[in-house]
Amino acid sequence: MRRIIGLACALIIAITYAGAQTKVIEKSTKKTPQWLTAPAEGYLVVTVTANSLADAQSKALAEVTERIIQAVASNVSVSTRNELSEVNLNGQIESKDAFTRISKMKSANLPFLKGISLSKVEDIYWQKIQNKSTRQEYYEYSVKYPFSNIEQKRLIAEFEALDTKKMTQYEALEAQLGAIESVEEIADCITQLKTLEDYFFDEVRLSQVEGLITRYQQQYDALSVTGVFLEPGKYQCQVLLDGNPVRTAISPKVTSNCAGQLSVRPSDGMFIISYDAIDCLPEEENFLDIVFRINGKRLAHKVYLQDVGSAATSTFSVVPEGKLILTADSIMASERKIININIRLTLNNRGGTPFGLKAIELHVPEFSAPIVFDDIDGVYKTKGVLQVRALAEGEFTALEKKKSAFSFVQGSITLVNPQSGAVERVRLSLPYVTNWE
């Protein structure tokens, strides 16, 4: 008890000492207003200190804003699934957390904060104070701001309605991720999520919004192009998202190594490409290059023309295409050792003529030496796409894989042309995938 009395006495002495060290040299009115000593019901009274009256006004408005945020957000919480993210600014929250939440709410563009203005202040009172020992002067600035219980309840209801609306919008965007019907929806949904990112002031929902933005951005990487010939001189292409057709208003750019009179016409979310193949030679590779520019990325699709005269059906033309797939039987990751590599190569026998496969040479970026298969002596009679499988036996050491968006296996295949009996070497450059890092 004596210690408590002693602390109280020390506090009184400190306050008395501080008062003795300062003096009021100027004030707005001779008499201190009653609302400052006995605040009236339905008002906020705040007092701040500053080096100038202009700074004092700004600080007073900021203090009023924070007090209204506390009054509106007090005992209000928002929940997301089974996680609770509190917006509770009563005395049970640590001051650091409360300050952080207030700061986030002030920057969340909440509608009720826009109505807070110094023009609503009913009365002000200020004193210019001087420190007797240092001669330093500052202002003590107080304002009387109207804020009734009715106004508080109205703002709480407005706040809760807005919060519910924002959460409903987020849930709708989350559900829409699996039901995208057009490429343009991706950008539109990201824009909406960016708005929600500016609004959500609690860590749980902010993290969820950021995660959903990332998932939407990843949709651009899942886009591809497919198509089908409708008739000679017409090809219809379609953008896919994870293998499912989606519409887009972005027209592709189409070029060809031989075809002329190229034109592109949109058709119900797809595109019909018309061309004239009169200058395309049956003995050469004839193709259309179709390129979409979506979200700054290049989405390419190469189409080999099939209607370049009757000779095309009997022309010897075998082309490596697609992805080269490399699969190891076993992997020792720590030593980067790979045992036995299974290879799957896609060839397109466009002419439909039977051919012989004698050798394969592959230069994989991760291996210092090429993988070579000699004396294969395989015969293939199938027209169109076929799979060639080979097994490279032994132990291989993988180099550190370079991080590049353009990793290709270079090499060649050696074929026997049955029409001439000649051995022909066809170069290949294909993207590849492996089951090791």
Side-chain angles (χ1 to χ4, degrees), residues 78-83 85 108-109 161-230 234-255 263-274 288-303 321-323 325 403-407 431 433:
V78 290
S79 60
T80 305
R81 296 183 179 86
N82 297 322
E83 297 178 272
S85 176
N109 296 319
L162 176 63
D163 198 81
T164 300
K165 179 181 177 182
K166 295 293 186 182
M167 197 61 213
T168 300
Q169 183 182 2
Y170 168 80
E171 291 170 349
L173 290 168
E174 186 179 39
Q176 191 173 345
L177 182 64
I180 295 173
E181 296 182 353
S182 73
V183 172
E184 287 70 29
E185 279 183 38
I186 301 174
D188 178 62
C189 290
I190 291 175
T191 299
Q192 293 185 56
L193 286 166
K194 291 287 187 181
T195 301
L196 291 178
E197 188 180 31
D198 291 337
Y199 167 78
F200 284 131
F201 39 81
D202 55 285
E203 294 297 337
V204 172
R205 296 186 301 177
L206 183 58
S207 176
Q208 289 173 337
V209 168
E210 291 171 346
L212 190 55
I213 289 174
T214 299
R215 290 165 64 192
Y216 265 102
Q217 290 171 335
Q218 289 170 345
Q219 298 303 298
Y220 289 114
D221 297 327
L223 294 173
S224 60
V225 182
T226 189
V228 62
F229 285 97
L230 300 178
K234 283 190 179 180
Y235 183 80
Q236 178 178 272
C237 68
Q238 168 85 64
V239 175
L240 303 179
L241 174 60
D242 279 331
N244 299 312
V246 288
R247 299 188 307 274
T248 180
I250 302 170
S251 293
K253 180 180 179 181
V254 182
T255 57
S263 65
V264 181
R265 175 173 60 86
S267 175
D268 193 26
M270 298 175 284
F271 297 90
I272 295 177
I273 300 167
S274 300
L288 302 176
D289 271 327
I290 304 170
V291 177
F292 288 85
R293 290 283 181 181
I294 298 176
N295 192 44
K297 297 181 180 179
R298 186 177 184 271
L299 192 62
H301 180 58
K302 176 171 278 192
V303 183
E321 64 181 27
K323 285 185 178 180
I325 299 175
K403 294 183 178 179
S404 171
F406 303 99
S407 293
V433 294

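Quick caveat: nothing in here was measured; it's all calculated off a predicted structure.
- Going from atom NZ of K253 over to atom OG1 of T255 covers 7.0 Å, rounded to the nearest 0.5 Å.
- Under the rule for a side-chain contact (heavy atoms from CB on, under 4.5 Å), the partners of A300 that lie at least two apart in sequence or sit in another chain are V291, R298.
- The side chain to side chain donor-acceptor pair (under 3.5 Å) contacts involving residues 237-247 comprise nothing, where partners must be two or more places apart or lie in separate chains.
- Taking OG of S251 as the reference point, atom CZ of R265 lies at 11.5 Å (rounded to 0.5 Å).
- Looking at heavy atoms from C-beta onward, F292 lies out of side-chain contact with V183 at the 4.5 angstrom threshold.
- In this structure, CD in E185 is found 6.5 Å from CD1 in I180, a value given to the nearest 0.5 Å.
- Rounding to the nearest 0.5 Å gives a distance of 5.5 Å between CG of L299 and CD1 of I294.
- The closest side-chain heavy-atom distance from L241 to Q219 is below 4.5 Å.
- Considering only heavy atoms from C-beta on, Y220 comes within 4.5 Å of I186 through its side chain.
- By the side chain to side chain donor-acceptor pair (under 3.5 Å) test, E184 is found to be paired with T248, residues two or more places apart in sequence or in another chain being considered.
- Remark: Q169 engages Q192 in a side chain to side chain donor-acceptor pair (under 3.5 Å) (not counting sequence neighbours).
- Across every non-hydrogen atom of L206 and F200, the tightest pair is CD1-O, 4.0 Å.
- Using a 4.5 Å heavy-atom threshold, the side chains of Y199 and V209 count as separate.
- In this structure, C237 and P252 approach most closely via the heavy-atom pair SG-CG, 4.5 Å.
- A distance of 11.5 Å separates OG1 in T191 from OH in Y216, rounded to the nearest 0.5 Å.
- Contact annotation: the side chain of I273 approaches that of I290 to within less than 4.5 Å [non-hydrogen atoms, C-beta and beyond].
- At least one side-chain heavy atom of Q208 sits less than 4.5 Å from a side-chain heavy atom of Y170.
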What verdict does the side-chain contact (heavy atoms from CB on, under 4.5 Å) test give for V246 and S182, after you've listed the backbone C-alpha separation in whole Å, the side-chain angles of each residue and the deciding distance to 0.1 Å?
CA-CA 5 Å; V246 288; S182 73; 5.6 Å; no

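- In this structure, Q176 and C189 have side chains that are in contact, with non-hydrogen atoms separated by less than 4.5 Å.
- Evaluation of the salt bridge (charged side-chain N to carboxylate O under 4.0 Å, His left out) rule for D221 yields K297 as partners, not counting sequence neighbours.
- L240 is listed as a side-chain neighbour of P245, based on a closest heavy-atom distance under 4.5 Å.
- The CG atom of L193 lies 9.5 Å from the CD atom of Q217; values are rounded to the nearest 0.5 Å.
- The pair D198-K166 does not meet the salt-bridge criterion, since no charged nitrogen lies less than 4.0 angstrom from a carboxylate oxygen.
- For R215, the side-chain contact (heavy atoms from CB on, under 4.5 Å) test picks out E174, L177, L212, Q218, with sequence neighbours left out.
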